[in-house]
Novice: 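Could you have a look at this structure, given as structure tokens, before my questions?
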Amino acid sequence: SQELEQSPQSLIVQEGKNLTINCTSSKTLYGLYWYKQKYGEGLIFLMMLQKGGEEKSHEKITAKLDEKKQQSSLHITASQPSHAGIYLCGADVGSNYKLTFGKGTLLTVNP
Amino acid sequence: EAQVTQNPRYLITVTGKKLTVTCSQNMNHEYMSWYRQDPGLGLRQIYYSMNVEVTDKGDVPEGYKVSRKEKRNFPLILESPSPNQTSLYFCASRTRQGREQYFGPGTRLTVT
């Protein structure tokens with residue numbers, strides 16, 4: 001089965017700093033989703049990438065998909081305390097519309 | 001407003017007492033699924049449904065049942081809950097062509 005490895009597992013940054021979270025797949029990526037979760041709460045959809053080289057942005061968050069490396073990166077520019085939370089990547093698996101998720105990256109942004 | 005709703009949001013119960021967590025979506029989505037989230041294990045799929053009366057096992061189906069009698073509802077049933085089913089549960093839905101999988105707010109279940 002497909003596995004998604006996220007790195008780092010946790011990250012503490014000072015407000016205003018840039019940061020990158022990576023998601024690496026053991027298999028070919030057909031659709032890669034990024035979600036944000038506040039601890040113990042629901043998942044908020046950030047963006048989905050489908051094509052190699054695709055890049056999308058939402059406010060100060062940018063995600064890219066590198067098909068060759070089977071990897072996606074999420075970059076936050078000028079981080080703010082509101083960016084704190086758990087970032088999860090998920091990938092389409094096969095034909096049953098199931099998403100497999102990485103274990104998440106816990107982001108803390110210190111004021 | 002497009003949404004997935006779950007009830008209850010919090011539940012504390014005892015071992016062996018049957019319970020149902022309801023899930024409803026108002027987007028006419030064909031596909032619905034249940035996940036559980038546990039520390040260190042991430043999100044794992046329990047069951048999914050491709051459409052009415054079509055359900056199948058996910059990665060961790062043991063101890064759970066589901067039904068899909070109507071398109072909008074996908075309840076999760078625990079016939080005899082055990083402490084290892086203490087977890088945070090999420091229901092999700094999407095269209096077959098959907099780019100976004102919508103998640104419910106979660107149900108925190110504690111089985112003592």
Side-chain angles (χ1 to χ4, degrees), chain A residues 1-10 21-27 29-51 54-56 58 61 63 65 72 85-106, chain B residues 2-7 9-10 21 23 25 27 29-51 54-61 68 74 86-110:
Chain A
S1 61
Q2 182 166 29
E3 291 188 358
L4 294 175
E5 292 285 334
Q6 284 187 238
S7 62
Q9 290 185 353
S10 64
I21 298 168
N22 292 307
C23 176
T24 303
S25 172
S26 61
K27 294 186 178 180
L29 286 169
Y30 294 104
L32 193 289
Y33 297 74
W34 283 101
Y35 287 85
K36 179 186 174 185
Q37 182 183 25
K38 291 286 190 183
Y39 182 75
E41 297 181 9
L43 279 69
I44 300 168
F45 174 78
L46 295 175
M47 57 195 85
M48 181 203 174
L49 306 165
Q50 273 194 315
K51 301 175 186 176
E54 188 173 11
E55 179 175 323
K56 288 187 178 178
H58 174 69
I61 301 175
L65 179 62
S72 177
I86 300 170
Y87 288 82
L88 293 152
C89 65
D92 270 319
V93 178
S95 59
N96 65 3
Y97 308 98
K98 167 186 166 181
L99 287 186
T100 292
F101 285 91
K103 293 183 180 176
T105 295
L106 175 62
Chain B
Q3 60 182 353
V4 178
T5 56
Q6 294 178 227
N7 283 293
R9 294 289 314 280
Y10 303 91
V21 184
C23 172
Q25 50 94 3
M27 297 165 279
H29 286 170
E30 296 91 353
Y31 178 82
M32 298 184 74
S33 60
W34 277 102
Y35 294 83
R36 61 178 288 176
Q37 186 178 36
D38 303 287
L41 297 175
L43 277 159
R44 295 177 293 169
Q45 191 186 55
I46 303 170
Y47 267 95
Y48 65 95
S49 170
M50 303 282 278
N51 215 324
V54 181
T55 63
D56 208 346
K57 297 176 181 179
D59 297 319
V60 287
R68 187 91 182 272
F74 190 44
T86 292
S87 186
L88 181 58
Y89 291 86
F90 289 102
C91 180
S93 75
R94 69 191 281 192
T95 63
R96 286 191 183 145
Q97 300 83 19
R99 289 179 158 257
E100 179 179 346
Q101 181 155 207
Y102 291 79
F103 281 83
T107 295
R108 185 166 293 281
L109 172 66
T110 302

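Chain A is the first sequence line, chain B the second, and so forth, proteins listed ahead of strands; every chain is numbered from 1.
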Novice: Does A:Tyr35 use its side chain to pair, donor to acceptor, with the backbone of B:Gln101 at less than 3.5 Å?
Specialist: yes

Novice: With a 4.5 Å limit on heavy-atom distance, are the side chains of A:Leu43 and B:Leu43 in contact?
Specialist: yes

Novice: Side chain, backbone, both or neither: which part of A:Ile44 has an atom under 4.5 Å from a heavy atom of chain B?
Specialist: neither

Novice: Below 4.5 Å from any heavy atom of chain A, which atoms of B:Gln6 appear? Answer side chain, backbone, both or neither.
Specialist: neither

Novice: Which atoms of A:Gln37 come close to chain B, meaning under 4.5 Å heavy atom to heavy atom: side chain ones, backbone ones, both, or neither?
Specialist: side chain

Novice: Out of B:Pro105, B:Gly42, B:Ala92, which one racks up the most heavy-atom pairs below 4.5 Å with chain A?
Specialist: B:Pro105

Novice: Ring centres under 6.0 Å, that's the criterion: do A:Phe101 and B:Tyr35 meet it?
Specialist: yes

Novice: Can you measure from CZ (B:Arg94) to CZ (A:Phe45) and round to the nearest 0.5 angstrom?
Specialist: 9.5 Å

Novice: At a heavy-atom distance under 4.5 Å, which candidate from B:Gly40, B:Gly106, B:Ser33 has the highest pair count against chain A?
Specialist: B:Gly40

Novice: Got more than 12 heavy atoms from elsewhere within 6.0 Å of CD, A:Glu55?
Specialist: yes

Novice: Say you draw a straight line from CZ of B:Phe90 to CD of A:Glu41; how long is it, rounded to the nearest 0.5 Å?
Specialist: 9.0 Å

Novice: Between A:Leu88 and B:Gln37, is any pair of side-chain heavy atoms under 4.5 Å apart?
Specialist: yes

Novice: Give, for atom CG of A:Leu99 and atom OH of B:Tyr31, the distance between the pair rounded to the nearest 0.5 Å.
Specialist: 7.0 Å

